[in-house]
Amino acid sequence: MGLFRAYVSLTKPRIVELLLVTTVPAMLLAERGVPSLWLILATVVGGTLAAASANVLNCWYDRDIDPLMRRTRSRPLVTGRISPRGALTFGLTLGTVAVALMALTTNLLATALTFAAIIYYAVIYTMWLKRTTPHNTVLGGACGAAPVLIGWAAVTGTLSLSAWLLFAVMFFWQPPHFWALAMKFKDDYAAASIPMLPVVASARRVALESVVYTVLTVAASLALWPVANLSWVYGVPAVVAGAIFTREAVRFYLQTRAGGELKTMRLFHWSLTYVTVLFVAVAVDALLTG
């Protein structure tokens, strides 16, 4: 059981859960109702395995820097509970099964997007962007935003403007969400020579850029309202949650100007609340007005 839990921990279950929160509402909106339950199950399982694969491969590659950071030095690859070969085999197997499942149960576009998301996160982000540029979080955001496209494509076989607006919401949302966390652990990233923005830029600049991306997130969410022909069931929560999210980002920026202790995790937690409320609203609106 201990070894099983160690392998599961490599998949980063909390991150996987967040991706699933966005996939199913995207599928409901694409269908304007409830798609085949089999299709939902297959897409959710395939997406889970794909995200797990990418996360395991991320842990496998980062095993050289994880011992340098307090929050990652207890990972199974660092402690030796799992061998690098075992982790690599596990990650590749998960990815292979994910793509095969999507190919057998969905369509070519959804399968291609699933494969591309794994490659982008495991290779382009993990092996290149993360270690070379402070823009890693922004550019890497395509991975976290991919599930909405995959879910939409699984239902329709195409990608509409509404699908791309959902993608934009998740793409713009990730910088303020992750930078708030990275601010807390910036000493860890600095010790591992990872150029996260909070490591190479001032807190004020990080906070200012967080405000910009928060505004872009909310703007994309509000653009979705008329484009997807959603009702007040979506619109009201989108406006209220967006206003609160923006307020928290601005508050964070004002804290950096005033000096003193920064409450970075407040913005982090509010960002999670925002995206949850928004996608629940998408799902409910699609079910009620489809």
Kindly write out the residues that satisfy ring pair (Phe, Tyr, Trp, His ring centres under 6.0 Å) with [X], not counting sequence neighbours, or none if the list is empty.
{"X": "Y61", "result": "none"}
{"X": "F268", "result": "H177"}
{"X": "Y274", "result": "F245"}
{"X": "Y213", "result": "W179"}

Does any pair with a residue in [range] pass side-chain hydrogen bond (donor to acceptor under 3.5 Å, both in side chains), and if so which ones, sequence neighbours excluded?
{"range": "residues 87-109", "value": "none"}
{"range": "residues 230-241", "value": "S231-D285"}
{"range": "residues 36-45", "value": "none"}
{"range": "residues 122-133", "value": "N58-T126, D62-K130, D62-R131, D64-R131"}

Side-chain contact test, heavy atoms from C-beta onward, threshold under 4.5 Å: evaluate it for [X] versus [Y] and give yes or no.
{"X": "L129", "Y": "I124", "answer": "yes"}
{"X": "I194", "Y": "D188", "answer": "no"}
{"X": "L222", "Y": "V239", "answer": "yes"}
{"X": "L28", "Y": "V282", "answer": "no"}
{"X": "M265", "Y": "L181", "answer": "yes"}
{"X": "L92", "Y": "L57", "answer": "yes"}
{"X": "I150", "Y": "M102", "answer": "yes"}

Euclidean distance, [Y] [atom2] relative to [X] [atom1], rounded to 0.5 Å:
{"X": "L149", "Y": "L109", "atom1": "CG", "atom2": "CG", "result": "8.5 Å"}
{"X": "L88", "Y": "S83", "atom1": "CG", "atom2": "OG", "result": "9.5 Å"}
{"X": "K184", "Y": "Y189", "atom1": "NZ", "atom2": "OH", "result": "12.0 Å"}
{"X": "W164", "Y": "L159", "atom1": "CH2", "atom2": "CG", "result": "5.5 Å"}
{"X": "F167", "Y": "L113", "atom1": "CZ", "atom2": "CG", "result": "9.5 Å"}
{"X": "R75", "Y": "S9", "atom1": "CZ", "atom2": "OG", "result": "8.5 Å"}

Give a yes or no answer on whether the side chain of [X] reaches the backbone of [Y] with a donor-acceptor pair at less than 3.5 Å.
{"X": "R204", "Y": "Q255", "result": "no"}
{"X": "D66", "Y": "T72", "result": "no"}
{"X": "S53", "Y": "L49", "result": "no"}
{"X": "T11", "Y": "Y7", "result": "no"}
{"X": "T217", "Y": "F172", "result": "yes"}
{"X": "R63", "Y": "W60", "result": "yes"}
{"X": "N55", "Y": "L10", "result": "no"}
{"X": "T111", "Y": "A103", "result": "yes"}

Can you list everything that forms a salt bridge (charged side-chain N to carboxylate O under 4.0 Å, His left out) with [X]? Sequence neighbours excluded, please.
{"X": "R257", "result": "none"}
{"X": "E209", "result": "R205"}
{"X": "R266", "result": "E248"}

How about CZ on F185, more than 12 heavy atoms from neighbouring residues, nucleotides or ligands closer than 6.0 Å, or not? yes

Among L41, V34, L39, whose side chain to side chain contact (heavy atoms under 4.5 Å, CB included) with L37 holds? V34

Would you check, one step at a time, whether the test side-chain contact (heavy atoms from CB on, under 4.5 Å) holds for W173 with L278? CA-CA 12 Å; W173 171 83; L278 191 75; over 6 Å; no

Note: with side-chain heavy atoms under 4.5 Å as the link, the other cluster members for Y253 come out as L208, V211, V215, V250, L254

